[in-house]
Amino acid sequence: MVKTLLSIFITLGILIAAAYFEQLFVDKQFDKFETALQTLDKKTRAENATRTDAENVRILWENEKKILHIVIPHNDISYVDYWLSEAVSLIETKSYVDALSKIEVLLTICRQIPQTYRITFENVF
């Protein structure tokens, strides 16, 4: 009986620690991406963003998503890919107003996806 209870508490502790570190990992990855997007947003608002700037953000995302595939479903990642591709093409054609709307969506996604991995009452129950 004591061994069983001890095993249950150890397993519960390991699960809680894993969930906590997963939350930290996802937050860290999206913080990097969000910072790059905010820089791109400022350049786009000033109407001096180039395709190279947008491609640098895409390269950062490509590197981050290789790691994020471990914990995030493919649908969430492909959603970011879709909006980022549209933003890159709009910046290339100098459609800055339209590109800003895509970047705003990406910034919102960068805040929402990590929230789904936070240890909160809604996510646990």
Side-chain angles (χ1 to χ4, degrees):
M1 180 72 170
V2 174
K3 287 183 180 180
T4 303
L5 286 174
L6 186 60
S7 296
I8 289 171
F9 288 127
I10 289 172
T11 303
L12 185 62
I14 290 171
L15 286 173
I16 290 171
Y20 178 73
F21 286 113
E22 177 188 39
Q23 173 184 325
L24 290 177
F25 173 75
V26 170
D27 282 344
K28 180 182 164 194
Q29 301 306 103
F30 273 96
D31 283 345
K32 285 185 211 174
F33 183 54
E34 185 175 6
T35 302
L37 279 173
Q38 288 171 345
T39 302
L40 183 63
D41 183 59
K42 287 177 187 173
K43 285 185 172 188
T44 305
R45 286 185 192 283
E47 295 189 356
N48 62 2
T50 64
R51 180 172 177 95
T52 305
D53 296 327
E55 283 296 331
N56 288 337
V57 173
R58 188 195 316 241
I59 290 168
L60 174 69
W61 172 246
E62 293 292 327
N63 292 332
E64 298 298 320
K65 81 176 185 178
K66 288 177 188 174
I67 300 167
L68 286 170
H69 265 295
I70 299 169
V71 292
I72 294 181
H74 179 72
N75 289 341
D76 290 343
I77 290 174
S78 64
Y79 195 56
V80 173
D81 286 339
Y82 170 76
W83 287 103
L84 186 57
S85 294
E86 284 198 11
V88 170
S89 65
L90 288 168
I91 287 171
E92 181 179 29
T93 60
K94 300 193 184 315
S95 301
Y96 294 118
V97 174
D98 294 333
L100 281 172
S101 66
K102 308 300 180 189
I103 294 170
E104 281 297 319
V105 170
L106 284 165
L107 287 168
T108 302
I109 291 170
C110 282
R111 291 181 206 107
Q112 288 178 344
I113 290 178
Q115 285 180 345
T116 61
Y117 295 91
R118 292 214 169 95
I119 302 170
T120 60
F121 184 77
E122 308 82 55
N123 292 341
V124 175
F125 295 103

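If you read the sequence from its start, that first residue is 1, and numbering goes on from there.
- Sorted by first then second residue, the salt bridge (charged side-chain N to carboxylate O under 4.0 Å, His left out) pairs that include residues 78-89, not counting sequence neighbours, are K65-D81, E86-K102.
- By the criterion of side-chain heavy atoms lying less than 4.5 angstrom apart, applied directly or through intervening Ile, Leu, Val, Met, Phe, Trp or Tyr residues, V57 is not grouped with L100; the two fall into different hydrophobic clusters.
- A donor-acceptor distance shorter than 3.5 angstrom exists from the side chain of N56 to the backbone of T52, with no hydrogens or angles considered.
- Distance CD1/I113 to CD/E34: 11.5 Å, rounded to 0.5 Å.
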Donor-acceptor contacts under 3.5 Å from residues 5-27 side chains, at least two apart:
| unit_1 | atom_1 | unit_2 | atom_2 | d |
| --- | --- | --- | --- | --- |
| S7 | OG | K3 | O | 2.9 |
| T11 | OG1 | S7 | O | 2.8 |
| Q23 | OE1 | I119 | N | 3.0 |
| D27 | OD1 | R118 | NH2 | 3.2 |

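- By the side chain to side chain donor-acceptor pair (under 3.5 Å) test, S101 pairs with no residue at all, sequence neighbours left out.
- Going from atom CG of L40 over to atom CD of E55 covers 11.0 Å, rounded to the nearest 0.5 Å.
- One finds the CD1 atom of I109 at 8.5 Å from the CG atom of D76 (value rounded to the nearest 0.5 Å).
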R45/E104 under salt bridge (Lys or Arg N to Asp or Glu O under 4.0 Å): CA gap, chis, key distance, verdict | CA-CA 11 Å; R45 286 185 192 283; E104 281 297 319; 3.1 Å; yes
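- L84 and I59 are assigned to two separate hydrophobic clusters, defined by single-linkage of ILVMFWY side chains at heavy-atom distances under 4.5 Å.
- Interatomic distance, Q29 CD to C110 SG, rounded to the nearest 0.5 Å: 11.5 Å.
- Here the CD1-CD1 distance, from I67 to I72, works out to 11.0 Å after rounding to the nearest 0.5 Å.
- Annotation for Q115 and R111: closest pair CG-O, 3.3 Å, computed over non-hydrogen atoms.
- Hydrophobic clustering of Ile, Leu, Val, Met, Phe, Trp and Tyr side chains at less than 4.5 Å, counting indirect connections, unites V71 with V80.
- Rounding to the nearest 0.5 angstrom, the gap separating the CZ atom in F33 from the CD atom in Q38 is 11.0 Å.
- Residues satisfying the side chain to side chain donor-acceptor pair (under 3.5 Å) test with D53, not counting sequence neighbours, are K43, T50.
- Residues satisfying the salt bridge (Lys or Arg N to Asp or Glu O under 4.0 Å) criterion with K32, sequence neighbours excluded, are E64.
- A tilted orientation is assigned to the rings of F30 and W61, their planes being inclined by 30° to 60°.
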Output side-chain donor-acceptor pairs under 3.5 Å for residues 92-99, partner residues at least two apart or in another chain, one line each.
| unit_1 | atom_1 | unit_2 | atom_2 | d |
| --- | --- | --- | --- | --- |
| E92 | OE1 | R51 | NH1 | 2.8 |
| T93 | OG1 | S89 | O | 3.3 |
| T93 | OG1 | L90 | O | 3.1 |
| T93 | OG1 | S95 | OG | 3.2 |
| Y96 | OH | A49 | O | 3.0 |

